[in-house]
Amino acid sequence: MNSYISQLILLCLTITTVQSYTYEPPGRDPISIDKIRSSEQAISLTTENYDELTAGKLVFIKFYAPYCPHCNAMAQAWNELAEYYQSANDDILIGSVDCTDSPHGKTLCMKFKLSGLPTLLYGPTSYDGAYLEEYGGGKSFNELKSFALKELVPKCLPGSLDACTPEQRIQMEKYINMSYKELSQEIEMSEFQLKVAKETFKEKKDELQKYHDKMLIEKEMNVTKCKNAIKMIEGVRDKLKKLESVKTEL
Ligand SMILES: *[C@@H]1O[C@H](CO)[C@@H](O)[C@H](O)[C@H]1NC(C)=O
Ligand SMILES: *[C@@H]1O[C@H](CO)[C@@H](O)[C@H](O)[C@H]1NC(C)=O
């Protein structure tokens, strides 16, 4: 009896230990934090190395915390993306920032005023990251990869003028030099031109439509006229044929 109870107690203890281990939020203990951190394949960015490593590059950066479940859920996909880009392109950097790594990662996370974790930012890093945008798509490797292939290409943007054609560059530089008010006026002007373009097209289209309708009626009338004429002519011709056959019979 005694041995039965002690076995039961032992069993309960075992279950409790397993349960508390399983339900331990992963990463709360230093060992698994280290494990999660070191399994990151993307380049680890900190406030110390950020400027040097990202200068002139297009980046895709994951800001994460080792204890956050949503971060861990996408860790594998992010590793695959980092591996995919490792040898592919010198102009693109896939990075990870551990926001709990104080002060190295944490300072960087605070600088970008993130609203939650994980946050993914992408784009050119010039102008102190002013043109970085937040990624809002799916977090599977395939979704991340197809987004990166489409978006992480040199584009003519205020933050990456090298990708502009000479004409675009002149235009972009003109805008970069303008004040907020001047830019607003410039937008108003372009919006006016846009309206004119749409209205002109609609006017021309209406004119064409009217012409089309007119031609359609005219055609129908001509067709009817021709059909009637053919009918009349055939009638006369048949009569003539009959008369001619009568003549030859005679
Ligand atoms: C913009 O301003 C800079 C200096 O403020 C000047 O060097 C440059 O020529 C200007 N560009 C244009 C297109 O006006
Ligand atoms: C209809 O017939 C008139 C007279 O033959 C011709 O001038 C006109 O082009 C025709 N229009 C169409 C749409 O067929």
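Counting convention: from 1, in listed order, for ligands and their atoms alike. We use all heavy atoms of the structure for the numbers below, so side chains are in, but hydrogens, waters and symmetry mates are not.
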Based purely on interatomic distance, does K219 place a nitrogen or oxygen under 3.5 Å from a nitrogen or oxygen of ligand 2?
->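 No, K219 has no N/O under 3.5 Å of an N/O on ligand 2.
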
Atom 7 (O) of ligand 2 sits nearest the protein heavy atom E218 OE2, 5.0 Å

Nearest neighbour in protein (non-hydrogen) for atom 11 (N) of ligand 2 = N222 ND2, 2.9 Å

From the list R169, K155, K57, salt bridge (Lys or Arg N to Asp or Glu O under 4.0 Å) with D162 holds only for R169

So, E167 and T165: side-chain donor and acceptor under 3.5 Å apart, yes or no?
->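 Not at all, the side chains of E167 and T165 share no donor-acceptor pair under 3.5 Å.
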
Do other residues, nucleotides or ligands put more than 12 heavy atoms under 6.0 Å from K35 NZ?
-> no

Mark whether [atom] lies under 4.0 angstrom from at least one protein heavy atom.
atom                    : answer
atom 5 (O) of ligand 2  : no
atom 13 (C) of ligand 2 : yes
atom 2 (O) of ligand 2  : yes

Non-neighbouring partners of E80 that pass salt bridge (Lys or Arg N to Asp or Glu O under 4.0 Å), sequence neighbours left out |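 E80 satisfies salt bridge (Lys or Arg N to Asp or Glu O under 4.0 Å) with no residue once adjacent residues are dropped.
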
Any idea how F60 and W78 line up, ring-wise: parallel (<30°), tilted (30 to 60°), or perpendicular (>60°)?
->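 Perpendicular.
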
